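Following: one structure in structure tokens, then a few remarks.
Every chain is numbered from 1 and lettered A, B, ... according to where its sequence line falls, protein lines coming before strand lines. FYI, side chains are in, hydrogens and waters are out, and symmetry mates aren't considered; it's all heavy atoms of this structure. Remember, predicted model here, so these are calculated numbers, not experimental data.
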There are 2 protein chains.
Amino acid sequence: MKIKQDLFQAIADPTRRAILTLIAIQALTPNAMAEKFDMTRQAVSKHIKVLHECELIRPEPSGREIYYHFNAKKMQEFDHWLAQFRQSWEVQFNQLDKLLDILKDQDKK
Amino acid sequence: MKIKQDLFQAIADPTRRAILTLIAIQALTPNAMAEKFDMTRQAVSKHIKVLHECELIRPEPSGREIYYHFNAKKMQEFDHWLAQFRQSWEVQFNQLDKLLDILKDQDKK
DNA sequence: AATTTGCGCAACTAATAAGTTGCATATATA
DNA sequence: TATATATGCAACTTATTAGTTGCGCAAATT
């Protein structure tokens, strides 16, 4: 059995990404989320479980309702993972810049 | 049938992420990749297909070998998706800063 | 020309995951 | 206390996918 849900697996599903987009603006209950999507409450509940297990969302009970909040700190891990590639695309874009410079020089001739 | 592989789906697999990390440093052939992982060449070939279909990698034939290069521009799309949440975590961190300020003030008393 | 090597595609198996319905539990309301 | 509502968990079905083996094709080597 899986100890913990994988962060990348969590955002692979479009519905879960939609949930994240929603609650990044405002915390919502499972029922409120289910109303937004064309699926049963139980289906949404499963997505919530996945997002919760990898700590992308955080429950805050309020009476018999549970508001799920967006955990920005966890989302930042993607930002850190992306860091290893930033250098790559800067290099590739610099090469593009060089190419553009060459083309400019050719125009002058 | 799926028209095109999804970017998020592509990076959901740990082996594919490892491939991306490898070729971000240096372009590799399918065989060279397969040697790095404990799986058959065909399995790696499938991952290559997924990464290629969503344009995260780009083939450059060289004789009977094919070097796959990392496409940084495509990975940037993930960066752009993350952008919608950057504001959220800045807000949450600002709130943390405020809290820290409050705690500092309490120390002074 | 014959053989080896690099690669992709097809078929198959096993595991995973998204969705459903049904049920149990806890909180709020009448 | 009885009832309605909010939520999570379990069992099931179906679809997807990661891995395998086997095959065919094209390029390089002998």
Side-chain angles (χ1 to χ4, degrees), chain A residues 1-23 26-71 78, chain B residues 1-23 26-71 78:
Chain A
M1 175 184 170
K2 214 173 289 181
I3 300 287
K4 199 176 165 186
Q5 278 287 345
D6 178 52
L7 197 58
F8 290 90
Q9 179 94 19
I11 62 162
D13 185 88
T15 300
R16 285 197 287 267
R17 288 200 299 276
I19 290 177
L20 290 174
T21 297
L22 279 178
I23 69 169
Q26 182 181 26
L28 293 173
T29 65
N31 255 333
M33 297 182 205
E35 285 172 8
K36 302 276 186 179
F37 309 109
D38 187 26
M39 67 181 69
T40 61
R41 183 189 57 76
Q42 287 85 343
V44 172
S45 186
K46 278 186 143 187
H47 287 302
I48 290 175
K49 190 182 179 189
V50 173
L51 292 171
H52 182 212
E53 280 180 359
C54 72
E55 296 179 313
L56 275 170
I57 65 178
R58 172 177 39 83
E60 278 204 5
S62 166
R64 66 177 169 180
E65 290 180 315
I66 302 180
Y67 283 87
Y68 282 91
H69 291 253
F70 177 63
N71 181 13
F78 289 120
Chain B
M1 177 185 167
K2 214 173 291 184
I3 301 289
K4 199 176 166 186
Q5 279 287 344
D6 181 41
L7 174 65
F8 294 91
Q9 182 88 25
I11 61 171
D13 185 87
T15 299
R16 286 196 286 266
R17 289 200 298 275
I19 291 176
L20 291 173
T21 297
L22 280 178
I23 69 169
Q26 184 181 27
L28 292 173
T29 65
N31 255 332
M33 297 181 203
E35 286 173 7
K36 303 275 185 178
F37 309 107
D38 187 24
M39 68 182 66
T40 62
R41 182 188 57 75
Q42 286 86 343
V44 172
S45 186
K46 279 186 146 190
H47 287 301
I48 290 175
K49 190 182 179 187
V50 172
L51 292 170
H52 182 212
E53 281 179 358
C54 76
E55 297 179 316
L56 272 170
I57 65 178
R58 172 177 39 84
E60 279 205 5
S62 167
R64 67 175 169 181
E65 289 180 316
I66 301 179
Y67 283 86
Y68 282 92
H69 291 252
F70 176 61
N71 180 14
F78 184 43

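Of the possible donor and acceptor atoms, none in the side chain of A:Ser62 sits under 3.5 Å from a partner among the backbone N and O of A:Glu65. Between the side chain of B:Asn71 and the backbone N or O of B:Glu55, at least one donor-acceptor pair lies under 3.5 Å.
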N/O to N/O distances under 3.5 Å, protein versus nucleotides 7-9 of chain D:
{"residue": "D:dT7", "atom": "OP1", "partner": "A:Ile66", "partner atom": "N", "Å": "3.3"}
{"residue": "D:dT7", "atom": "OP2", "partner": "A:Asn31", "partner atom": "N", "Å": "3.1"}
{"residue": "D:dT7", "atom": "OP2", "partner": "A:Asn31", "partner atom": "ND2", "Å": "3.1"}
{"residue": "D:dT7", "atom": "O4", "partner": "A:Arg41", "partner atom": "NH2", "Å": "3.4"}
{"residue": "D:dG8", "atom": "OP1", "partner": "A:Tyr68", "partner atom": "OH", "Å": "2.2"}
{"residue": "D:dG8", "atom": "N7", "partner": "A:Arg41", "partner atom": "NH1", "Å": "3.2"}
{"residue": "D:dG8", "atom": "O6", "partner": "A:Arg41", "partner atom": "NH2", "Å": "3.0"}

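Computed from coordinates, the B:Phe8 CZ to C:dA17 C1' distance equals 19 Å when rounded to whole Å. If you take CD of B:Glu53 and P of C:dG8, they are 12 Å apart, rounded to a whole angstrom. One atom, CG of A:Asp6, and another, P of D:dA18, lie 13 Å apart when rounded to the nearest Å. Note: CD (B:Gln5) to C1' (D:dT16) measures 11 Å, nearest angstrom. As a whole-Å value, the separation of B:Met33 CE from C:dG8 C1' is 14 Å.
From A:Leu56, atom CG reaches atom OH of A:Tyr68 across 13.5 Å, with rounding to the nearest 0.5 Å. A distance of 8.5 Å separates CD1 of A:Ile66 from CD1 of A:Ile48, quoted to the nearest 0.5 Å. Note that CG of A:Asp6 and SG of A:Cys54 are 8.0 Å apart. Values are rounded to the nearest 0.5 Å.
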Distance-only donor-acceptor pairs under 3.5 Å for side chains of residues 27-38 of chain B, two or more places apart:
{"residue": "B:Thr29", "atom": "OG1", "partner": "B:Ala32", "partner atom": "N", "Å": "3.2"}

Check: residues 13-21 of chain B side-chain donor-acceptor pairs under 3.5 Å, at least two apart:
{"residue": "B:Asp13", "atom": "OD2", "partner": "B:Thr15", "partner atom": "N", "Å": "2.9"}
{"residue": "B:Asp13", "atom": "OD2", "partner": "B:Arg16", "partner atom": "N", "Å": "3.1"}
{"residue": "B:Arg16", "atom": "NE", "partner": "B:Ala10", "partner atom": "O", "Å": "2.7"}
{"residue": "B:Arg16", "atom": "NH1", "partner": "B:His47", "partner atom": "ND1", "Å": "3.1"}
{"residue": "B:Arg16", "atom": "NH2", "partner": "B:Gln9", "partner atom": "O", "Å": "3.2"}
{"residue": "B:Arg17", "atom": "NH1", "partner": "B:Ile11", "partner atom": "O", "Å": "2.8"}
{"residue": "B:Arg17", "atom": "NH1", "partner": "B:Ala12", "partner atom": "O", "Å": "3.2"}
{"residue": "B:Thr21", "atom": "OG1", "partner": "A:Gln84", "partner atom": "OE1", "Å": "3.1"}
{"residue": "B:Thr21", "atom": "OG1", "partner": "B:Arg17", "partner atom": "O", "Å": "3.1"}

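At a threshold of 4.5 Å between non-hydrogen side-chain atoms, the residues B:Phe78 and B:Phe8 count as touching.
Here A:His47 does not reach the OP1 or OP2 of C:dA17: none of its side-chain N or O atoms lies under 4.0 Å away.
The residue among A:Ser62 and A:Met39 whose nearest nucleotide of DNA chain C is located toward the 5' end is A:Met39. Between A:Ala43 and A:Gly63, it is A:Ala43 whose nearest contact on DNA chain C lies nearer the 5' terminus.
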Could you spell out the base pairing of DNA chain D in dot-bracket, with Watson-Crick or G-U pairs whose two distances are under 3.5 Å, [ ] crossing and | to another strand? ||||||||||||||||||||||||||||||

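The stretch residues 41-50 of chain A participates, sequence neighbours left out, in no salt bridge (charged side-chain N to carboxylate O under 4.0 Å, His left out) pair at all.
Comparing D:dT21, C:dA11, C:dA17 by their closest approach to the side chain of A:Gln9 singles out C:dA17.
Heavy-atom distances under 4.0 Å link DNA chain C to A:Asp13, A:Arg16 of residues 11-21 of chain A, given in residue order.
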